[in-house]
There are 2 protein chains.
Amino acid sequence: MSSMENGAEVPAPAARAPKTPERAHPVTLRDVAEAAGVSTATVSLVVNKKKAARIAEETRRRVQDAIRTLGYRPNAMAKTLVSGTSRFIGLVADGVATTPFAGQIIHGAQDEAWKHGYALLIANTEGNGELEQDAIQMMLEYKVRGILYSTWFHRQTDIPAPLREAGFVLVNCFSNEPGTRAVVPDEVQGGRSATEILLGHGHRKIAFINATIPAPAKDGRLQGYREALEKAGVPFDPELVLEAYPDQEGGYGATSDLLTRGVSAVFCYNDRMAMGLYDGLREHGLSIPDDMAVVGFDNQEVIAAHLRPPLSTVSLPHYELGAAGVRMLLGLDGAPGTATDGVARINCPAVERTSVRAQAHA
Amino acid sequence: MSSMENGAEVPAPAARAPKTPERAHPVTLRDVAEAAGVSTATVSLVVNKKKAARIAEETRRRVQDAIRTLGYRPNAMAKTLVSGTSRFIGLVADGVATTPFAGQIIHGAQDEAWKHGYALLIANTEGNGELEQDAIQMMLEYKVRGILYSTWFHRQTDIPAPLREAGFVLVNCFSNEPGTRAVVPDEVQGGRSATEILLGHGHRKIAFINATIPAPAKDGRLQGYREALEKAGVPFDPELVLEAYPDQEGGYGATSDLLTRGVSAVFCYNDRMAMGLYDGLREHGLSIPDDMAVVGFDNQEVIAAHLRPPLSTVSLPHYELGAAGVRMLLGLDGAPGTATDGVARINCPAVERTSVRAQAHA
DNA sequence: GTGAAAGCGCTAACAG
DNA sequence: CTGTTAGCGCTTTCAC
């Protein structure tokens, strides 16, 4: 069973090791101190570039040489042990690593954390409660500075008990407990923006194909749609709001119903539905955007940017969600719309492509 | 800078804290020892369930009670400080968190690591060399057990110098230095499988739309295509191999060229090209799979499973790549095809959907 | 069975 | 300017 020893290890054991000394016993601060003929304190000072204590140039050089030749590498564990506080931020996700674009939450969190000198400790729990508990437990044991608790789609969530033992902020989800810090996409604004793209091109009869499954996105986007209409002085017509399962098949299936409404434009709950709708429309011999203008939601790159014609849509700001999450966790919110209830609603920017064209007779 | 104290913290400071004592000073082993009236050594023993030293039932109970009431939580830093070895595995990625499906590498690595008691420390470097150095540096300082170095698409890569200071394995990439451990998808087998799907349905004249950009995938899939053909006794015809940029537009653009070849089936370099080809074929009034059978590569969920008709394709085993990576790192390879050169080639399983139909006159 | 004591590698006063 | 000296929280001999 223990194969590989051969292929992997044998190749060139005799090669010279100029850079990496054969550290049988990892080099410590003390080793450096002895080599440089100074005390550990001094070494510590030069390693950490403390400006408070001035070190003689000559000494500093000796120490740095020793560090280089010995290949010294500080032990972060020891460092955080004494300082009491680690430089970790935990990210527990119920599936962001699994989902296509939600991985951006990780990316955003990682970038922002890094920017402030923190490393990301991640755990994907795939919705498994026990695993989740363990993961949080583990993070607590590593004395994380705080935990980001995120879900792969925007929804309400319960707060796992152990989470409360650390500072935490919910990302892409929220709690019904007042005052809980959270960062979520601004669905209402997103729905408004999507509708405004259509409105802006002169469309007045605009359908909205909503999702059948309940979610903050469902309510929020609908509300945004209504707000945009109202602001434009277009009366809201419930007849123009359809519902379908939020994927390609749902969008495709909604086609004939949609055509029944006599609209010139449609706002789809998400890009996947729009993709299905493209097929449906095409089968009816209709062309986009001339016969029907369409906008989606999510800005799911693989789809939106490459449909024919490319789809106008609204971005789900996953990267920002992650980044804003760590900012909030670290308590350095510069400006964003953190409402008084502790939840920040992140803007969903519109991205216009060519699936919308001006209405001939505005 | 220290805003937020208000919105986030104020809400209910007076609530009873039954579970979470107001630990002004985190509970330590010593605290527990004192509370239980035993020594720290004893507490350590019961915490770690050492079977060697038998503890009196009565003592054990006292200790466990103290642990519970004090809300004791071991300090992993201290633990690894003394043991010298941490339970971390580092994953540095040049963009897997960014890319739709490659996030599965993280997922697979995380699951497997967790299974063996390791936590994942990740860093997304977005191809930034300096950041990459820093990230590896950081991981080294945290005394990671080893590092997984991964790329978001399968390619050759250079080994960053600091990486050599730790155990490491390349994931989804490989080095030209012999003996370097790596885990990559088996492109050749994948190309073979894709072609065999078509062959299996009776097709003989099969085109292959390859990518224009050089990559192991380009060579491997082509080789697989040829091998499958040969095995089926179908002569290889260079005329049937086209090339196009590997995205929707490329696939779309290759349509007329393809139709020129008089084939009944086509194997596309990836799903995105297949998606574009669908549009092109449709515009020519052709239907899939009747007029043209098509298979893709990648099994990019959002696309492949929801095209009309759903696309037969071959999976890029990202999850497995990540999982196999940690297994190899930990040195517990059970069986997989780890060739003698230290690189494991992971199988790319075919997933058949309905974009292929049997040829009328086989 | 259980306690005392010596460190793991590093930082932080406080002397000199 | 630099060395001494305590620990940080935990594990681990080795006595009692």
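A quick note: this is a predicted structure, and the numbers were derived from the prediction, not measured. Proteins come first, then strands; the chains are lettered A, B, ... in the order of their sequence lines, and each starts at number 1.
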### Nearest listed nucleotide, side chain of V82(A), among dC1(D), dG3(D), dC8(D)
dC8(D)

### Query
What nucleic acid atoms does V47(B) come within less than 4.0 Å of, heavy atoms only: base, sugar-phosphate, or nothing?
nothing

### Task
Enter the inter-axis angle for the ends of the helix from dG1(C)-dC16(D) to dG16(C)-dC1(D) (five pairs per end, rounded to 10°).
40°

### Task
Calculate, to the nearest 0.5 Å, the distance between atoms CG and CG belonging to D134(B) and N128(B) respectively.
8.5 Å

### Task
Establish, from distance only, whether the side-chain atoms of Q104(B) and H107(B) form a donor-acceptor pair under 3.5 Å.
yes

Please report, to 0.1 Å, the donor-acceptor pairs under 3.5 Å made by any side chain of residues 73-90 of chain A, with sequence neighbours excluded.
from, atom 1, to, atom 2, distance (Å)
R73(A), NE, E165(B), OE1, 3.4
R73(A), NH2, E165(B), OE1, 2.6
R73(A), NH2, E165(B), OE2, 2.6
N75(A), OD1, M77(A), N, 2.7
N75(A), OD1, A78(A), N, 3.1
T80(A), OG1, M77(A), O, 3.2
S83(A), OG, K79(A), O, 3.4
S83(A), OG, T80(A), O, 3.4
S83(A), OG, T85(A), N, 3.4
S83(A), OG, T85(A), O, 3.1
S86(A), OG, F88(A), N, 3.0
S86(A), OG, K143(A), O, 2.9
R87(A), NE, G117(A), O, 3.3
R87(A), NH2, H116(A), O, 2.9

### Message
Under 3.5 Å, is there a donor on one side chain and an acceptor on the other for E132(A) and Y149(A)?
### Response
yes

### Query
Which nucleotide in the list dG3(D), dG9(C), dT11(C) gets nearest to the side chain of T42(A)?
dG3(D)

### Task
Looking at every strand, decide which applies to T59(B) at a 4.0 Å heavy-atom threshold: base, sugar-phosphate, or nothing.
sugar-phosphate

### Query
If each of V43(A) and E57(B) is mapped to the nucleotide of DNA chain C with the nearest heavy atom, which maps nearer the 5' terminus, i.e. the 5' end?
E57(B)

### Task
Identify whether any heavy atom of A41(A) sits under 4.0 Å from a base atom; if not, whether one sits that close to sugar-phosphate; answer base, sugar-phosphate or nothing.
base

### Query
To the side chain of A56(B), which of dG3(D), dC10(D), dG1(C) is closest?
dG1(C)

